[in-house]
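Single-structure report; data block below.
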Amino acid sequence: MSDTSVRYLKPHGFEVIVNKALGLMPKLGINAWGARTLAVRGRKSGEWKTVPVNLLPLDGERYLVAPRGHTQWVRNIRVAGGGELRLGRKAEPFTVTELPDDQKLPVLRRYLERWGWEVGQFFEGITKDSTDEQLTEIAPGFPVFRVNR
């Protein structure tokens with residue numbers, strides 16, 4: 001496998017259209033399977049950048065997982081330290097704590113249990129039924145953030 005610490009799968013072609021369509025639901029206030037619009041300030045421009053995300057509740061906490069790897073929103077949120085989760089007209093400001101690789105296992109497994117049908121293609125053969133060792137091996141390529149209120 002390639003260097004997972006800088007793994008990034010850029011959307012292309014039809015995926016861009018699907019992302020835009022999926023991004024409409026939370027903008028319209030439709031809470032479909034935990035979907036939200038993530039808004040975070042650009043690290044260079046300072047302007048709000050938005051992207052649809054799946055907000056994962058687990059053991060009383062909430063998490064954001066980057067199935068495409070070290071994306072622009074990941075880079076931006078690391079610099080900004082937080083952003084807003086939007087659903088319709090409601091905007092919830094938050095900060096984040098990035099999880100170290102050795103704490104990602106339960107979050108990645110639950111994420112795949114809940115949204116594997118949607119994001120499985122980005123996990124390159126890893127599923128909710130993969131071993132702990134397999135999930136631990138890929139963890140560096142999948143940034144995970146705990147959402148703090």
Side-chain angles (χ1 to χ4, degrees), residues 4-124 126-128 130 132 135-136 138-149:
T4 56
S5 65
V6 292
R7 179 184 166 279
Y8 172 47
L9 302 176
K10 186 175 182 176
H12 59 278
F14 187 66
E15 292 173 340
V16 174
I17 296 167
V18 170
N19 278 349
K20 286 184 181 188
L22 290 174
L24 283 177
M25 292 176 30
K27 285 182 181 178
L28 296 172
I30 300 168
N31 181 3
W33 304 291
R36 297 289 188 278
T37 298
L38 169 65
V40 64
R41 296 273 185 187
R43 62 193 180 282
K44 295 177 184 173
S45 70
E47 296 177 15
W48 286 107
K49 306 292 183 178
T50 61
V51 63
V53 293
N54 293 319
L55 182 61
L56 176 69
L58 178 66
D59 298 332
E61 301 285 351
R62 298 179 306 159
Y63 297 91
L64 294 172
V65 176
R68 290 181 177 274
H70 298 264
T71 63
Q72 295 302 318
W73 75 258
V74 167
R75 295 171 187 162
N76 288 338
I77 211 165
R78 284 176 174 151
V79 171
E84 291 181 351
L85 288 169
R86 298 176 180 173
L87 183 62
R89 294 181 184 199
K90 296 178 184 176
E92 174 194 351
F94 68 94
T95 60
V96 293
T97 303
E98 187 166 5
L99 268 59
D101 294 337
D102 64 352
Q103 294 179 17
K104 293 179 184 177
L105 177 65
V107 177
L108 290 174
R109 185 169 307 284
R110 180 66 182 124
Y111 190 82
L112 285 166
E113 287 170 356
R114 187 149 186 193
W115 291 294
W117 59 272
E118 179 184 348
V119 299
Q121 65 185 342
F122 309 126
F123 281 81
E124 301 164 338
I126 301 297
T127 70
K128 64 181 172 91
S130 294
D132 287 355
L135 283 168
T136 300
I138 65 150
F142 295 86
V144 175
F145 298 90
R146 184 176 54 247
V147 174
N148 308 309
R149 296 177 199 244

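With values rounded to the nearest 0.5 angstrom, Tyr63 atom OH is found 9.5 Å from Thr97 atom OG1. Note that the OG1 atom of Thr37 and the CH2 atom of Trp48 stand 12.5 Å from one another [nearest 0.5 Å]. Once rounded to the nearest 0.5 Å, the distance linking CZ of Arg86 with CG of Leu38 reads 9.0 Å. Within the model, atoms CZ of Phe145 and CD1 of Ile77 stand 6.0 Å from one another, a figure rounded to the nearest 0.5 Å. With values rounded to the nearest 0.5 angstrom, Asp101 atom CG is found 9.0 Å from Thr136 atom OG1. How far CZ of Arg146 is from OG1 of Thr95: 9.5 Å, rounded to the nearest 0.5 Å.
Side-chain contact between Arg43 and Arg75 is present, with at least one heavy-atom pair separated by less than 4.5 Å. Considering only heavy atoms from C-beta on, Glu84 stays 4.5 Å or farther from Lys90 through its side chain. Annotation: side chain of Arg36 is not in contact with side chain of Pro52 (no heavy-atom distance under 4.5 Å). Side-chain contact check for Leu99 versus Val107: some heavy-atom pair is nearer than 4.5 Å. In this structure the side chain of Phe94 reaches within 4.5 angstrom of the side chain of Val147, judged on heavy atoms. Contact of the Leu85 side chain with the Val53 side chain is registered, since non-hydrogen atoms from C-beta on lie closer than 4.5 Å.
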Is there a side-chain contact (heavy atoms from CB on, under 4.5 Å) between Val65 and Trp115 once you walk through the steps?
CA-CA 11 Å; Val65 176; Trp115 291 294; over 6 Å; no
Are Asp132 and Leu105 close enough, and set up right, to give a side-chain contact (heavy atoms from CB on, under 4.5 Å), and what steps lead you there?
CA-CA 7 Å; Asp132 287 355; Leu105 177 65; 3.6 Å; yes
Run the side-chain contact (heavy atoms from CB on, under 4.5 Å) check on Arg78 and His70 step by step: do they pass?
CA-CA 10 Å; Arg78 284 176 174 151; His70 298 264; 3.1 Å; yes
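By the 6.0 Å contact criterion, CG on Asp59 is open, its count of non-hydrogen atoms from other residues, nucleotides or ligands being 12 or less.
Counting only distance, with no hydrogens or angles, the side chain of Arg41 and the backbone of Asn76 share no donor-acceptor pair below 3.5 Å. Looking at Thr71, its side chain never comes within 3.5 Å of a backbone N or O of Arg68 through a donor-acceptor pair. Within the 3.5 Å criterion, the main-chain N or O of Arg114 finds a donor-acceptor partner in the side chain of Trp117.
Smallest separation of non-hydrogen atoms from Val40 and Gly82: CG2-O, 3.3 Å. Counting all heavy atoms, side chain and backbone alike, Lys128 lies closest to Arg109 at O-NH1, 2.6 Å. When all heavy atoms are compared, the tightest approach of Leu135 to Leu112 is CD2-CD1, 3.9 Å. Among all heavy-atom pairs drawn from Val74 and Gly69, the shortest one is CG2-O, 3.6 Å. A pairwise comparison of heavy atoms in Thr50 and Ala39 identifies CG2-CB, 3.9 Å as the closest pair. Residues Lys104 and Ala139 approach most closely at NZ-O, 2.8 Å, considering heavy atoms.
The pair Glu92-Arg62 meets the salt-bridge criterion, since a charged nitrogen lies less than 4.0 angstrom from a carboxylate oxygen.
Between Phe123 and Tyr111, the ring-plane angle classifies as tilted under the 30° and 60° cut-offs.
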